[in-house]
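Below is one structure, written out as structure tokens, with a few remarks after it.
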Amino acid sequence: MRPILMKGHERPLTFLRYNRDGDLLFSCAKDHTPTVWYADNGDRLGTYRGHNGAVWTCDVSRDSARLITGSADQTAKLWEVSTGKELFSFRFDAPARSVEFAIGDALAVVTTDNFMDHVPTVQVKRIAEDIDDQTEESALVITGIKGRINRAVWGPLNRTIITAGEDATIRIWDSETGQLLKESDKESGHQKTISSLSKSLDWSHFITGSLDKSAKLWDTRTLTLIKTYVTERPVNAVDISPTHDTVVLGGGQDAMNVTMTDRRAGKFEAKFYHKILQEEIGGVKGHFGPINALAFNPDGRSFSSGGEDGYVRLHHFDSDYFSIKM
């Protein structure tokens with residue numbers, strides 16, 4: 001496996017997202033400037049300048065025409081992917097954390113943090129085809145969750161929204177009415193903050209990573225726990241391979257403790273587990289700090305990781321990986 005080291009951020013990475021075709025990789029970091037790279041060779045294509053705070057997450061439309069980003073500067077912004085032009089800015093009363101386009105790209109879900117007197121919210125925004133018609137109005141606002149919401153994603157056919165965060169509970173909401181439909185079981189669920197959530201290619205199941213040193217696989221419709229992957233460090237990032245029965249976990253201890261340990265003690269590697277057998281099948285070292293972001297390319301032939309060290313590492317799998325019987 002040959003890693004390509006991509007240096008374009010001055011601060012720790014927060015999120016990575018491939019476009020649907022798998023030829024572009026978008027990275028977010030605490031340095032205010034989302035960046036787009038060629039997913040094959042790691043060349044930097046450009047940046048999106050306009051945020052005044054850490055950028056927590058991003059998503060790209062199905063046709064790779066638009067990018068949406070959520071930032072600590074209390075805005076979520078729409079961008080033109082090809083030119084880097086800012087198209088629209090949704091303003092909030094608190095930092096915007098998680099963003100995702102719905103199927104069809106006519107809606108987007110945005111979460112806002114608990115900040116000052118403001119409670120955390122999940123908001124659905126209509127995304128206009130013509131940017132001149134775009135408004136800041138929310139089609140739906142969900143409240144009532146205690147603690148920061150780290151991830152909000154769309155369920156199958158845009159009928160539901162799945163949320164997870166600081167209170168360690170996964171919830172499924174009706175995306176039209178905002179009604180709570182299901183909650184994860186306290187006993188079998190995570191015991192500490194859920195840091196990350198990633199869906200399978202067909203959206204039938206999803207994986208969550210938690211600071212309780214585990215990742216869990218769930219059924220998207222029923223919220224039944226399917227598998228648990230146990231590791232020896234807090235999990236900051238997870239993803240599911242689109243082509244193989246593998247999942248990848250990344251993490252490490254808190255940033256404030258990193259300087260007190262060497263790289264070996266910090267366990268800064270991306271670990272691969274067999275999705276069904278739940279066994280660890282390999283690991284990739286390299287980052288000089290906790291891994292905060294992971295993403296598989298949609299073609300399943302490569303994956304990228306982003307760390308506290310400010311680097312994006314792009315890994316192309318060699319032929320041995322594809323010969324694993326899965």
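Only heavy atoms go into these numbers, but all of them, side chains included; no hydrogens, no water, no symmetry mates. Numbering of residues begins at 1 and proceeds along the displayed sequence.
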*Looking only at side chains, do D239 and S198 share a donor and an acceptor under 3.5 Å apart?*
yes
*Could you please spell out the steps behind the salt bridge (charged side-chain N to carboxylate O under 4.0 Å, His left out) verdict for K216 and D212?*
CA-CA 11 Å; K216 292 176 184 285; D212 67 8; 5.8 Å; no
*Of the options F15, W79, Y48, which is the one that meets F26 in a side chain to side chain contact (heavy atoms under 4.5 Å, CB included)?*
Y48
*Would you indicate whether F92, at its atom CZ, is surrounded by more than 12 heavy atoms from other residues, nucleotides or ligands within a distance under 6.0 Å?*
yes
_T33-T47 side chain donor-acceptor pair, cut-off 3.5 Å_ = no
*asked:* Is it true that D219 and T224 share a donor-acceptor pair across their side chains at a distance under 3.5 Å?
replied: no
*Going through the distances and angles, do K275 and H205 end up as a side chain to side chain donor-acceptor pair (under 3.5 Å)?*
CA-CA 11 Å; K275 184 162 77 174; H205 52 283; 3.1 Å; yes
_Spacing of Y229 atom OH and E279 atom CD [to the nearest 0.5 Å]_ = 11.5 Å
*Do W173 and T163 have a side chain donor and acceptor closer than 3.5 Å?*
yes
*Side-chain donor-acceptor pair under 3.5 Å between S27 and H9, yes or no?*
yes
*Would E269 and K285 count as a salt bridge (charged side-chain N to carboxylate O under 4.0 Å, His left out) if you check the C-alpha gap in whole Å, the side-chain angles of each, and the deciding distance to 0.1 Å?*
CA-CA 4 Å; E269 60 180 333; K285 294 185 173 72; 3.7 Å; yes
*Counting only heavy atoms not in K227, do more than 12 fall under 6.0 Å of its NZ?*
yes
*Residue pair T208 / W218, side-chain donor-acceptor N/O under 3.5 Å*: yes
*Going through the checks in order, is the salt bridge (charged side-chain N to carboxylate O under 4.0 Å, His left out) test met by R17 and E100?*
CA-CA 11 Å; R17 172 78 86 202; E100 190 181 73; 3.7 Å; yes
*Given the rule in the salt bridge (charged side-chain N to carboxylate O under 4.0 Å, His left out) test, do D105 and R62 qualify, once you have shown the distances and angles that lead to the verdict?*
CA-CA 7 Å; D105 303 321; R62 200 174 169 84; over 6 Å; no
*Do I161 and W154 come close enough that some side-chain heavy atom pair is under 4.5 Å?*
yes
*asked:* Whether K271 and E232 form a salt bridge (side-chain N of Lys/Arg under 4.0 Å from carboxylate O of Asp/Glu) is what I want to check.
replied: yes
*Which pair of heavy atoms, one from L314 and one from N41, lies closest together, and at what distance?*
CD2-C, 4.4 Å
*Kindly state whether the ring of F268 and the ring of H287 have centres lying under 6.0 angstrom apart.*
no
*asked:* Is a donor from one side chain sitting under 3.5 angstrom from an acceptor on the other, for S138 and K125?
replied: yes
*State whether K146 and D167 are salt-bridged, where the test is any N-O pair (Lys NZ or Arg NE/NH1/NH2 against Asp/Glu carboxylate O) under 4.0 Å.*
no
